[in-house]
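One structure below.
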Protein chains: 2
Amino acid sequence: MPEPEWDPYNRDCPTRAMLDRIGDRWTVLVVGALASGPLRFGQLATRVDGVSQKMLTQTLRGLERDGLVTRTVFPQIPPRVEYELTETGRTLQEPLNALEEWASAHMADVLRSRAAHDAAV
Amino acid sequence: MPEPEWDPYNRDCPTRAMLDRIGDRWTVLVVGALASGPLRFGQLATRVDGVSQKMLTQTLRGLERDGLVTRTVFPQIPPRVEYELTETGRTLQEPLNALEEWASAHMADVLRSRAAHDAAV
DNA sequence: CAGAATCCAACTGGATACTG
DNA sequence: CAGTATCCAGTTGGATTCTG
């Protein structure tokens, strides 16, 4: 079954949009935060330091739409809403982890280079 | 040698900025395009479909500053400038490839989910 | 060819206030 | 608690023009 030939280098390819979503600063962090299991909205807000509630909501809605996250509402007062990675969402973890690890591993190099470069000016 | 404990979940951690750079829609594509070897400015502009010359320049400057890409000017008229991944830049290829592959592999699922979700509204 | 510089429309995203 | 709605300042980035 020959998958269609996705090509991110073509400006009209949907994978472009996908890279945008992945690249979204909050998406990476939210998916990462959900890696260890379901979390409530408030818990996510706490874990992902600095995210505004607007952005968190927006990010979660996007992930839900793309089938990467499920949203479960428990009908009680006060409301309780849990977010959890779907099967597909979990497959995204691996590449995202790789990214975070790369960032951690090479951050020092990058900062050094950046300092040197700026000093040279 | 215990690396400092980078934590992308902390809003003040430099890895946050790094994720921003990686997340940059053009960075992923430019690094990917350079994977197979050095390219000239114009070649990059062609490969990375849709990038404006302003964005390409900006992206390349950023990558250069971070020590991920080298910029070589050949003193001739008309000018010839080549960009090439550095050692560190090449290490970034792997995680980025993983991302592109994920996008290619799951794009169909995502589009399906998206359509279903929108239809449900 | 490879850019630098400028202008400006459009989108992003934070802060704030309100609700079921 | 988990949002929604609104306002708005700041940033992004495309188009265009000019240059060594």
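Residue numbers start from 1 in every chain, and the chains themselves are labelled A, B, ... in the order their sequence lines are given, proteins ahead of strands. What's counted below: heavy atoms across the whole structure, side chains too, no hydrogens, waters or symmetry copies. From a predicted model like this one, the values you see are computed outputs, not experimental measurements.
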Does OP1 or OP2 of D/dG13 have a side-chain N or O of B/Arg25 closer than 4.0 Å?
no
Count I, L, V, M, F, W, Y as connected when their side-chain heavy atoms are under 4.5 Å apart, and connections chain through other members. Are A/Phe74 and A/Leu60 then in the same cluster?
no
Length of the CG-P vector between A/Asp20 and C/dT12, whole Å
10 Å
Does the side chain of A/Arg40 come within less than 4.5 Å of A/Val81's, by heavy atoms?
no
Nearest-angstrom distance from the residue atom CG of A/Leu29 to P of C/dG13
13 Å
Between A/Asp7 (side chain) and A/Tyr9 (backbone), is there a donor-acceptor pair under 3.5 Å?
yes
Considering only C/dG3, C/dC1, D/dA2, which nucleotide approaches the side chain of A/Val81 most closely?
D/dA2
Do other residues, nucleotides or ligands put more than 12 heavy atoms under 6.0 Å from the CD atom of B/Gln43?
yes
In whole angstrom, give the distance that lies between atom CZ of B/Phe74 and atom P of C/dG3.
12 Å
Please report the distance, rounded to the nearest Å, between CG in B/Leu60 and P in C/dA4.
11 Å
Mind checking B/Tyr83 for me? I need base, sugar-phosphate or nothing, with any heavy atom below 4.0 Å counting as a touch.
sugar-phosphate
For the pair B/Arg112 and B/Asp109, evaluate salt bridge (charged side-chain N to carboxylate O under 4.0 Å, His left out) and give the outcome as yes or no after the intermediate values.
CA-CA 5 Å; B/Arg112 204 172 304 126; B/Asp109 287 343; 3.0 Å; yes
To the nearest angstrom, the CD-P distance between B/Gln58 and D/dA15 comes to 15 Å
Report yes if some heavy atom in the side chain of A/Trp26 is under 4.5 Å from a heavy atom in the side chain of A/Val48; otherwise report no.
yes
Which whole-number value in Å describes the distance from A/Arg71 CZ to D/dC1 P?
16 Å
Is B/Asp66 reaching over with its side chain to a backbone N or O of A/Val110, donor-acceptor style, under 3.5 angstrom?
no
Kindly state which residues belonging to residues 39-57 of chain B come within less than 4.0 angstrom of DNA chain C, counting heavy atoms of the residue only, listed by number.
B/Arg40, B/Phe41, B/Gly42, B/Gln53, B/Lys54, B/Thr57
Please check the phosphate of C/dG3 (OP1 and OP2 only) for any side-chain N or O of B/Arg80 closer than 4.0 Å.
no
Starting at atom CG of A/Asp24, determine the distance to atom P of C/dG13, rounded to an integer number of angstrom.
6 Å
